[in-house]
Each structure stands twice: as C-alpha cells, then as structure tokens.
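Naming: A, B, ... by sequence-line order, numbering from 1 per chain.
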Protein chains: 2
Amino acid sequence: MGTQPKHTMLAAQRNPRRNLAEELISRGVRMTHQRRILVDLIQRADRHLDVLTLWRRARSRDSTLNKVTVYRTLSLLKKHGLVDELDLMHLEGEKHFYEARTTRDHLHLACLKCGAIMEFESSLFEKLKGQIERERRFSIQVVRMEAGGICAACRG
Amino acid sequence: MGTQPKHTMLAAQRNPRRNLAEELISRGVRMTHQRRILVDLIQRADRHLDVLTLWRRARSRDSTLNKVTVYRTLSLLKKHGLVDELDLMHLEGEKHFYEARTTRDHLHLACLKCGAIMEFESSLFEKLKGQIERERRFSIQVVRMEAGGICAACRG
DNA sequence: ATTCTTATTGCAAGTGAGTTGCAACATGGA
DNA sequence: TCCATGTTGCAACTCACTTGCAATAAGAAT
Ligand SMILES: [Mn+2]
Ligand SMILES: [Mn+2]
Ligand SMILES: [Zn+2]
Ligand SMILES: [Zn+2]
C-alpha cells in the first residue's frame with residue numbers, strides 16, 4: 001500500500017474559503033500564536049493531514065506546541081464548520097484526517113490496494129444533498145461520503 | 001440528545017440479504033457457537049449496534065462470550081463484505097456501529113440536536129456511484145455516506 | 001503603556017476503543 | 001472417533017483522544 005499521487009492538487013487549494021485565521025477572528029475567537037501556526041498549516045496543506053503529521057509540522061515552527069493544542073484547535077475548527085473530518089476508510093488505523101472546508105463539497109475515494117486517496121466533485125452529489133433536505137426536511141450541516149475500492153491504476 | 005424513533009424499520013430488515021450464517025458457511029468459514037449468536041443478533045438487529053451493545057446482547061445467550069470475539073467476528077464480516085461499519089458522525093464518541101449489508105446501499109442522517117439516526121435510499125445515490133465507477137474507473141467495494149444536521153422534528 | 005479579565009496553553013494522568021500473543025479448546029473433515 | 005487446524009478467552013497492550021489544573025498570554029478597557 002503506497003501513498004497518494006503527488007501531482008493532484010487538493011480541492012481545498014482549488015476552491016479555498018476565506019482565510020481561516022481571519023474567519024476565526026471575525027467570530028470573536030482569540031487568535032493565539034499556536035492557532036495561527038496550525039490554521040496556516042491546515043490551509044496550505046498539500047494533502048489530508050492526520051493529527052500527528054499536523055503536530056510535527058507545527059513543531060518545526062514552535063517546538064513547544066503541544067499535541068493537545070492540536071486536538072483542541074481541530075475541535076474548535078470543527079465546531080465552527082471550518083474543517084471537515086475524514087476517516088479515509090480507516091485504511092491506516094482508527095485515526096482521522098482533516099482538511100479545510102471548501103466552497104463546494106467533494107467526496108473521497110480510497111484505494112484498498114495502493115492506499116491512494118482521490119477527491120471527486122459532482123453535481124449529482126449536490127442534487128442528492130438537495131433531495132435529502134427537501135424530502136426529509138433535514139438541514140444538512142456537514143456531509144461525509146467515502147468509497148473504498150480499487151483505483152484505475154491498480155486495476156491496470 | 002435523545003434516541004432514534006422506534007417505529008422506523010431498519011433497511012437491513014426491509015432488504016435483507018441471504019442468511020449471514022449460511023453465507024459464511026458457503027465461504028468455508030467455521031461456524032462456531034459464538035459466531036452463530038453474533039451473526040444472528042446482527043441480522044435481527046432493530047438498530048445500528050455498537051460493539052458494547054452487541055456484546056451485552058450476546059452475553060445474555062452465552063455469558064462466557066468474550067468482547068474480543070465480538071471484535072474478531074465483526075472484522076471477519078467486514079472482510080467478507082457482509083456488514084457495513086458506520087461512524088454516525090461520531091455523535092457518541094469514537095466508537096463505530098455495524099449493520100448487515102443490504103441488497104441496496106443507503107446513507108445515514110444523524111441529527112446533531114436529538115441524536116436521531118435516519119436512513120435514506122435514493123436512485124441519485126446509485127447514479128452517483130455509477131458516475132464514479134465510469135469517470136474514474138474506480139471499482140467501488142464499499143460506500144459510506146453520512147450527513148450531520150438538524151432533523152425535521154427538531155426544526156419544528 | 002499598564003492593568004485586568006478570562007480564554008488558552010502545556011503537562012501529566014486518564015479514558016476507552018480496538019489489538020495481540022498464547023495456551024486451551026472446538027470445529028468439521030478424514 | 002481421531003486429528004489438524006482454526007477459533008476462543010484471557011491478560012496485557014497500543015493508540016487516539018480527553019480531562020483537570022496551574023501557569024500563561026490575548027486583547028479589551030483604562
Ligand atoms: Mn471514524
Ligand atoms: Mn479532500
Ligand atoms: Zn490503487
Ligand atoms: Zn433531531
């Protein structure tokens with residue numbers, strides 16, 4: 001099981017939201033040194049980050065930054081709907097992955113053979129969400145769709 | 001946060017697959033006393049079961065049945081594609097929920113206010129899966145879609 | 001600039017889901 | 001009935017994540 005291809009740009013880069021730090025400040029959240037580092041790393045991330053990776057990257061900017069602060073910052077961002085939490089089919093254990101929320105939702109494909117993670121946007125996805133909201137009168141705040149299977153490269 | 005309504009029948013009851021025990025036997029899996037109990041409970045379940053609930057129910061039939069066996073049986077069923085693993089938006093901590101896989105996929109709606117879990121089937125969901133398989137040449141083995149939000153009852 | 005309130009941090013300890021090694025045991029085919 | 005091999009229970013473990021608390025820092029008020 002390898003890793004995802006380097007050349008595909010994350011949806012969070014193509015469809016970015018407003019600056020995360022500004023977004024937090026405008027909501028009256030205290031902008032600490034630690035949060036500034038973490039939020040910046042999340043926003044610029046080249047891939048879906050787990051807590052340990054995010055912590056390691058953060059420590060290279062402030063070696064005293066504690067892992068607990070990473071968890072607490074991610075909770076904060078989740079609570080404000082600014083990051084999405086992913087399972088990526090729990091391909092690498094029980095941990096979770098995080099990405100800045102984009103202007104348009106997308107879903108994730110995880111190859112069970114090589115471990116590649118792909119993103120997919122579709123108007124059918126948007127239509128499906130609309131159908132749920134209408135037919136069930138359910139107000140969607142967060143959606144998570146993931147598919148596990150075999151990618152094109154692994155099928156040959 | 002309450003619990004899901006009693007009157008909605010689980011998709012696993014409406015669209016059941018072949019008997020889980022028979023399915024395992026036909027695949028050359030040893031049918032132990034413990035597996036028979038667990039598989040029967042999963043098949044007849046009135047709601048999405050977490051490990052602890054499944055274990056408690058199993059112990060009322062065999063008080064020596066160990067929790068590790070529950071985990072190992074669920075892994076086995078997952079490996080054979082006979083159960084689906086759900087997060088239900090991790091509304092109650094990090095644990096997972098399980099249900100027998102049905103003939104037709106469905107998605108889950110989790111009310112962030114009252115904790116109700118609803119199921120939803122849609123041809124748009126099927127179309128979306130088809131689009132992924134075609135456009136990405138990705139062979140889907142398992143899909144998981146969950147939405148968190150506010151249910152009709154909580155919206156009033 | 002200085003003070004002050006209060007949210008946030010780091011640390012250490014704890015929780016809880018899920019895993020693993022191994023000896024005893026049960027399954028199902030010979 | 002016997003036997004080879006897969007499965008179980010137990011205890012100990014790992015790992016992701018949480019919590020209590022004293023020290024600290026943000027940022028609003030002065
Ligand atoms: Mn999960
Ligand atoms: Mn993504
Ligand atoms: Zn692959
Ligand atoms: Zn509700």
**Student:** Quantify the bending of the helix from C:dA1-D:dT30 to C:dA30-D:dT1 as the angle between its end axes, each fitted on five pairs, to 10°.
**Tutor:**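 Angle reported: 40°, given to the nearest ten degrees.
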**Student:** Judged by each residue's nearest nucleotide on DNA chain C, which is more toward the 5′ side, B:Met31 or B:Val51?
**Tutor:**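 It is B:Val51 whose nearest nucleotide is closer to the 5' end.
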**Student:** For D:dA26, does either OP1 or OP2 sit under 4.0 Å from a side-chain N or O belonging to A:Gln34?
**Tutor:**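 So the side chain of A:Gln34 is outside the cut-off, no N or O lying under 4.0 Å from OP1 or OP2 of D:dA26.
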**Student:** Check every strand shown and say whether B:Arg35 touches a base, only sugar-phosphate, or nothing at a heavy-atom separation below 4.0 Å.
**Tutor:**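 Here B:Arg35 touches the backbone only, sparing every base.
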**Student:** Among residues 53-65 of chain B, which residues get a heavy atom nearer than 4.0 Å to DNA chain C?
**Tutor:**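 Hits under 4.0 Å, by residue number: none.
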**Student:** Taking donor-acceptor contacts at under 3.5 Å, does the side chain of A:Arg72 reach the base of D:dT18?
**Tutor:**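 Side chain to base: no pair present.
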**Student:** What is the distance, rounded to the nearest whole Å, between atom CZ of A:Arg36 and atom C1' of C:dT8?
**Tutor:**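 Spelled out: CZ on A:Arg36 to C1' on C:dT8 is 14 Å.
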**Student:** Polar atoms only, N or O, under 3.5 Å: list the protein pairs with nucleotides 12-16 of chain D and their distances.
**Tutor:**
none

**Student:** Check whether any side-chain nitrogen or oxygen of A:Asn66 sits under 4.0 Å from OP1 or OP2 of C:dC11, and answer yes or no.
**Tutor:**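 Checking A:Asn66 against C:dC11: at least one side-chain N or O falls below 4.0 Å of OP1 or OP2.
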**Student:** Examine A:Lys129 relative to A:Phe125 and say whether NZ or CZ is less than 6.0 Å from the centre of the six-membered ring and inside a 45° cone about the ring axis.
**Tutor:**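 Yes - A:Lys129 lies over the ring of A:Phe125, closer than 6.0 Å to its centre and within 45° of its axis.
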**Student:** Let's see if you can work this out: which of D:dG6, D:dC10, C:dT9 has an atom nearest to the side-chain heavy atoms of A:Thr69?
**Tutor:**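 Comparing D:dG6, D:dC10, C:dT9 against the side chain of A:Thr69, the answer is C:dT9.
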**Student:** What is the distance, to the nearest angstrom, from the CG atom on A:Leu76 to the C1' atom on C:dT9?
**Tutor:**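 Taking CG of A:Leu76 and C1' of C:dT9, I get 13 Å after rounding.
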